[in-house]
Novice: 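Attaching a single structure in structure tokens format; questions to follow.
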There are 2 protein chains.
Amino acid sequence: MRQNYKMILQYEGTRYNGWQRQGNTLDTIQGKIEAVLGRMAGEPVEIHGSGRTDAGVHALGQVANFYLPAEIEIQSLPESGKMPGMSGKKSVRMKKTDQIRDYLNAYLPEDIAVISVEEAPERFHSRLNAVRKVYAYRIETGARRNVFLRRTIYGLGQPLDLEAMEQASLLLIGTHDFKSFCGNKKMKKSTVRTIYSIDIRQDFGAGGVTLRFTGNGFLQNMVRILTGTLIEVGLHKRSWQSIREILEAQDRQMAGFTAPAEGLCLEHVFYD
Amino acid sequence: MRQNYKMILQYEGTRYNGWQRQGNTLDTIQGKIEAVLGRMAGEPVEIHGSGRTDAGVHALGQVANFYLPAEIEIQSLPESGKMPGMSGKKSVRMKKTDQIRDYLNAYLPEDIAVISVEEAPERFHSRLNAVRKVYAYRIETGARRNVFLRRTIYGLGQPLDLEAMEQASLLLIGTHDFKSFCGNKKMKKSTVRTIYSIDIRQDFGAGGVTLRFTGNGFLQNMVRILTGTLIEVGLHKRSWQSIREILEAQDRQMAGFTAPAEGLCLEHVFYD
């Protein structure tokens with residue numbers, strides 16, 4: 001018998017070559033987590049992410065699932081972890097899911113954190129069962145760099161016409177063929193997706209704008225190309241009406257630039 | 001004739017050996033800024049900070065002043081900076097103070113930023129004229145590490161009794177001899193300071209507490225020792241009433257531990 005587990009993850013993607021494991025290297029988020037889980041389980045463990053974030057992209061609420069033998073015993077942690085008190089009350093019997101979470105947090109690098117681990121139904125799959133995802137894209141529009149946000153914001157350094165971007169976003173919302181916004185030229189599956197909302201707002205006090213995209217799923221680089229296109233609208237390098245032509249063309253060349261990875265964060269994945 | 005300038009600075013102190021220049025090394029904030037200013041001016045420039053932040057301490061609004069020859073011409077920046085658009089409109093005549101700000105931001109590392117530069121009266125001195133300072137100390141009280149805040153928060157990982165801390169803080173507010181809270185054993189000058197307020201609040205959604213200290217000045221390590229002592233009160237390792245004895249003893253050994261540098265941030269310096 002194997003038990004399926006669902007976990008929620010945070011990571012600052014700056015140092016990593018994206019989510020997806022590539023061979024045996026440890027420079028991916030998936031690779032890092034699988035290495036620690038494998039050590040914990042004493043056997044290889046594969047994790048299934050809700051989607052592959054690109055190199056440099058962050059996550060506030062990535063979801064992944066994995067299977068462990070039902071009878072597995074989690075080794076208790078040494079008394080002093082990185083955070084005093086985290087493992088302070090070992091005498092109290094902890095839930096196995098919390099033991100797994102604490103084990104992972106004790107051995108993962110400090111730019112990856114496990115928020116929660118819970119038991120999931122046997123057939124739960126974090127990618128196949130996801131019904132809605134929320135991505136945020138942060139843009140610094142002022143000339144003054146905020147040193148504390150620099151790893152998670154794109155330093156555009158120019159003001160944006162948010163009204164024009166709002167108009168453009170209304171044309172993107174809904175169910176469309178987003179082929180023009182797909183970074184994978186060889187994509188053979190359907191490029192039809194539904195965007196439920198695009199929220200555009202001034203943020204971070206003085207100098208920032210956050211775009212927040214909610215949809216049933218996103219193609220490779222799609223949020224970054226949507227953002228790049230909306231930035232070009234906001235800089236008056238293209239009209240908001242041009243969105244119609246871009247969607248119709250089904251041609252990546254028609255859309256805007258791929259906004260840099262550092263501004264992007266996978267915030268939430270929802271399940272029924 | 002020399003012109004005095006006042007500048008406001010942000011820095012993430014993680015990589016640095018504190019504010020104060022030590023010899024010719026470039027691992028201090030002061031050293032880094034002076035090196036860039038000296039290159040700009042073609043002669044050595046000394047900057048005077050409002051206070052020396054410790055190694056690893058951050059600043060949201062550090063203030064420093066420096067003198068430049070009144071007739072100085074600032075070299076214009078190359079057209080493409082790190083932030084596209086920052087130097088986009090060179091044809092418009094910029095104010096000299098903005099030129100200095102942009103020059104510094106173009107050549108300083110990305111964890112140091114100049115928020116503003118303005119002309120100051122000849123006798124303005126950022127340390128001697130400061131009348132009020134605000135420091136914030138951030139504590140992570142939950143077991144879940146927030147990966148995006150990890151450089152600017154102290155990972156305590158235990159809940160705190162904020163009411164007890166509040167009681168203790170009331171005994172600290174006012175004008176006292178804070179010798180027990182001074183990290184410099186050889187301090188020969190007065191250790192009397194006035195704390196105007198200590199604001200204690202739950203922050204960062206789930207897991208954090210921020211202490212915010214406002215006073216007319218702080219001794220070496222004083223905010224970190226105050227914080228360490230308040231944390232011990234919040235963990236019930238000492239009573240809030242013990243603050244009275246600590247103040248009276250005028251003995252560093254009586255106070256609590258020195259909370260780690262990473263949680264501390266100099267937020268504002270005020271002048272009349």
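Lettering of chains follows the sequences in order, A, B, ..., and the numbering in each one begins at 1.
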Novice: Kindly compute the distance separating CG (B:L149) from CZ (A:F148), expressed to the nearest 0.5 Å.
Specialist: 11.5 Å
Novice: Identify, with sequence neighbours excluded, every residue that meets side-chain contact (heavy atoms from CB on, under 4.5 Å) alongside A:R201.
Specialist: A:D199
Novice: List in chain and number order the residues that pass side-chain contact (heavy atoms from CB on, under 4.5 Å) with A:I8, two or more places apart in sequence or in another chain; answer none if no residue qualifies.
Specialist: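 In terms of side-chain contact (heavy atoms from CB on, under 4.5 Å), with neighbours along the sequence ignored, A:I8 is linked to A:V63, A:I115, A:S116.
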Novice: Shortest non-hydrogen contact from A:D111 to B:V147?
Specialist: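 Taking every non-hydrogen atom into account, C-CG1, 3.6 Å.
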Novice: Once side-chain contact (heavy atoms from CB on, under 4.5 Å) is applied, do any residues pair with B:A120, and if so which ones, sequence neighbours excluded?
Specialist: B:N4, B:K6, B:F124
Novice: Around atom CZ of B:R132, are there more than 12 heavy atoms of other residues, nucleotides or ligands at under 6.0 Å?
Specialist: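 No, because the 6.0 Å sphere around CZ of B:R132 holds 12 heavy atoms or fewer from other groups.
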Novice: Begin with the C-alpha distance, continue with both residues' side-chain angles, and end with the deciding distance and a verdict on side-chain contact (heavy atoms from CB on, under 4.5 Å) for A:N146 and B:Q10.
Specialist: CA-CA 8 Å; A:N146 183 317; B:Q10 265 186 4; 3.9 Å; yes
Novice: Can you pull out the residues in residues 47-59 of chain B with any heavy atom less than 4.5 Å from chain A?
Specialist: B:H58, B:A59
Novice: Would you mind checking which part of B:L235 comes under 4.5 Å of any heavy atom in chain A, side chain (CB onward), backbone (N, CA, C, O), both or neither?
Specialist: neither
Novice: May I ask you to check whether over 12 heavy atoms, not counting those of B:E163, lie within 6.0 Å of atom CD?
Specialist: no
Novice: Given B:E12 and A:R151, is the side-chain contact (heavy atoms from CB on, under 4.5 Å) satisfied, shown in steps?
Specialist: CA-CA 12 Å; B:E12 185 183 82; A:R151 294 182 189 82; 3.2 Å; yes
